[in-house]
Amino acid sequence: MVNILLIGNGAREHALAEALVRSSEKPRLFACMKANNPGLAALAERTLIGPYHDLAAIVAFAREGRCEFAVVGPEDPLSRGVVDALAAAGIPGVGPTRSLARLETSKSFTRDLCAKYAIPGNVAYRVFTSLDGVAAFLETLPGVVLKPDGLTGGKGVLVQGDHFETRAEALALIRDILAEHPSVTVEERLEGEEFSLQCLCDGRTVVATPPVQDHKRRFADDRGPNTGGMGSYSVADHLLPFLTPADVAAGLAITERVAEAIHRETGEYYRGVMYGGFMATSDGVRLLEYNARFGDPEAMNILPLLETDFVAVCRAVIAGTLDTLPIRFAKRATVCKYVVPKGYGLPKDHPDARSTSARIEVGDVGAARLYHSSVDQRPDGLYMTTSRAIGVVGIADDLARAEAIAERAVGAIRGPVDHRSDIGTAPLIAKRVSHMRALRGK
Ligand SMILES: Nc1ncnc2c1ncn2[C@@H]1O[C@H](COP(=O)(O)OP(=O)(O)O)[C@@H](O)[C@H]1O
Ligand SMILES: [Mg+2]
């Protein structure tokens, strides 16, 4: 009997839990959550509800549960060193140490690493700890993106044209960022189509999972503010409609180079997920950032397709034997849509911004899979909090059918909710394809 510690409380971790319990080994899950996720709790043997900074409590819970290893879903506990603390207690983790989680927590660490090891796909950038030289550097770039160091919950990056217009505004924003963060990366703004390539890494071998496209903007047609992600899709051929096989290969090659560079730089092997956020541009595949864990929602696209036993995959990541394990994904299309409170992601003065924390009814979701996120199970029903509530996932042989399954499921969730009806639909995908075709000039 294998016992596994799973850390995290979102829909991503609900999908991780599902992939783990599907294992032929019938593992028992010990779930450490900062808030009680009813979907995840239902799959767990035991739960610990507590903050991710209480490393001692997490280690004690894992020890009492005699957990063989830990799977860490979110970035927050990684950045607090939960993998280091568990390792000290003899419990290995799928997830990087605090130091290696800098791949995500420090944008400057990753840009500098790629520059030092001449890894392709990097952008023109400079890291600033003071305003010295900022104005002159801004003059050299036609468009800029500002990235504070440290975790910002996806709300820290500022893109010229979206968040500010002029160089003078950029300068003022950089001053504000430096008041709160140790450094800021100022980089060239790219144009293209984004994709997420979530890779498994044991330190030496990197295995790509099918590419996924996320939708950050709150409203249809990519309007409105950026959010944690409103939904995502993947395609049966394990490409995306606007990508070539060479684009995906380029993302994997960059990630392999980064894994190797991390080892050379730190002497440590990276064991966990290296999620590359890439942009296909007129100038090839460029790196936007790495995350040190699966994406939320992107985990919900790829984990249900995993045909290889996930417990075996985790063990191979820990043991450094990924090269010996064939990892397969079903050749099916997936569409994930997040059901969110109407007020989700809106500015506080917006009339809908208050419609959170309401009760929802989940009816017949048909063939869709349902992953709980920020919901609270109370005696009188299921309540939303202020964040994304439920991820629904349609899986089918083609995108149109997967989208229809997801859309039908969304319709079965009643309450003051909203979602993006355009994710995975033909018109939106045609737009991505023609954007990319225009950029590539063919
Ligand atoms: N160099 C860049 N050029 C154009 N857009 C960018 C660039 N870097 C980031 N972005 C945009 O900003 C978003 C957030 O940036 P990212 O690096 O992914 O940070 P985070 O996910 O931590 O907010 C990206 O998804 C992309 O839309
Ligand atoms: Mg990102």
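Note that the numbering runs from 1 along the sequence shown for the chain. Read the numbers this way: they start at 1 and go in the same order the structure lists the ligands and their atoms. These numbers were taken from a predicted model, which means no experiment stands behind them.
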Peer 1: What part of R286 sits under 4.0 Å from ligand 1 if we count only heavy atoms: the side chain, the backbone, both or neither?
Peer 2: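 Contact part for R286 vs ligand 1: neither.
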Peer 1: Any side-chain heavy-atom pair from V144 and F164 closer than 4.5 angstrom?
Peer 2: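 Yes; the side chains approach each other to less than 4.5 Å.
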Peer 1: Are the charged groups of E18 and R369 less than 4.0 angstrom apart, N to O?
Peer 2: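 Counted as a salt bridge, because a side-chain N and a carboxylate O are separated by less than 4.0 Å.
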Peer 1: Tell me which N, O or S atom of E289 sits nearest to the Mg ion (ligand 2).
Peer 2: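 Of all N, O or S atoms in E289, the Mg ion (ligand 2) lies closest to OE2.
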Peer 1: Taking heavy atoms and a distance under 4.0 Å, where does R189 meet ligand 1: side chain, backbone, both or neither?
Peer 2: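 Within the 4.0 Å criterion, R189 contacts ligand 1 through backbone and side-chain atoms alike.
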Peer 1: Under a heavy-atom criterion of less than 4.0 Å, does K216 contact ligand 1?
Peer 2: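 K216 does not count as a contact of ligand 1 under the 4.0 Å cut-off.
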Peer 1: Please check if the number of heavy atoms outside R189 that lie under 6.0 Å from its CZ is greater than 12.
Peer 2: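 It does: R189 CZ has more than 12 such atoms within range.
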Peer 1: Counting only heavy atoms, which portion of N291 has something under 4.0 Å from ligand 1: side chain, backbone, both, or neither?
Peer 2: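 No part of N291 comes within reach of ligand 1.
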Peer 1: Under 4.0 Å from a heavy atom of E188: which atoms of ligand 1 are those, numbered in the order shown and with their elements?
Peer 2: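 In order of numbering, the contacting atoms are 1 (N), 2 (C), 3 (N).
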Peer 1: Hey, does I405 have a side-chain heavy atom less than 4.5 Å from the side chain of I395?
Peer 2: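 Counting from C-beta outward, I395 and I405 never come under 4.5 Å.
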Peer 1: For the pair F278 and Y290, name the ring-plane relationship: parallel under 30°, tilted 30 to 60°, perpendicular over 60°.
Peer 2: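 Rings of F278 and Y290: perpendicular, over 60°.
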Peer 1: Distance under 4.0 Å to a non-hydrogen atom of V159: what atoms of ligand 1 satisfy this?
Peer 2: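 Once the distances to V159 are compared, the set is 11 (C), 12 (O).
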Peer 1: Is ligand 1 under 4.0 Å from a heavy atom in the side chain of K107, in the backbone, in both, or in neither?
Peer 2: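 The side chain, only.
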Peer 1: Is the closest heavy atom of V145 to ligand 1 under 4.0 Å?
Peer 2: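 It does, in that a heavy atom of V145 comes within the 4.0 Å cut-off of ligand 1.
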Peer 1: Give a yes or no on whether a salt bridge exists between K116 and E265, defined as a side-chain N under 4.0 angstrom from a carboxylate O.
Peer 2: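 So K116 pairs with E265 through a salt bridge.
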Peer 1: Ignoring hydrogens and geometry, is there a side-chain-to-backbone donor-acceptor pair from D221 to R223 under 3.5 Å?
Peer 2: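 Answer holds: no.
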Peer 1: Would you tell me which option among E289, Q160, R217, K147 has the nearest heavy-atom contact to atom 8 (N) of ligand 1?
Peer 2: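 Considering heavy atoms of E289, Q160, R217, K147, the nearest to atom 8 (N) of ligand 1 sits in K147.
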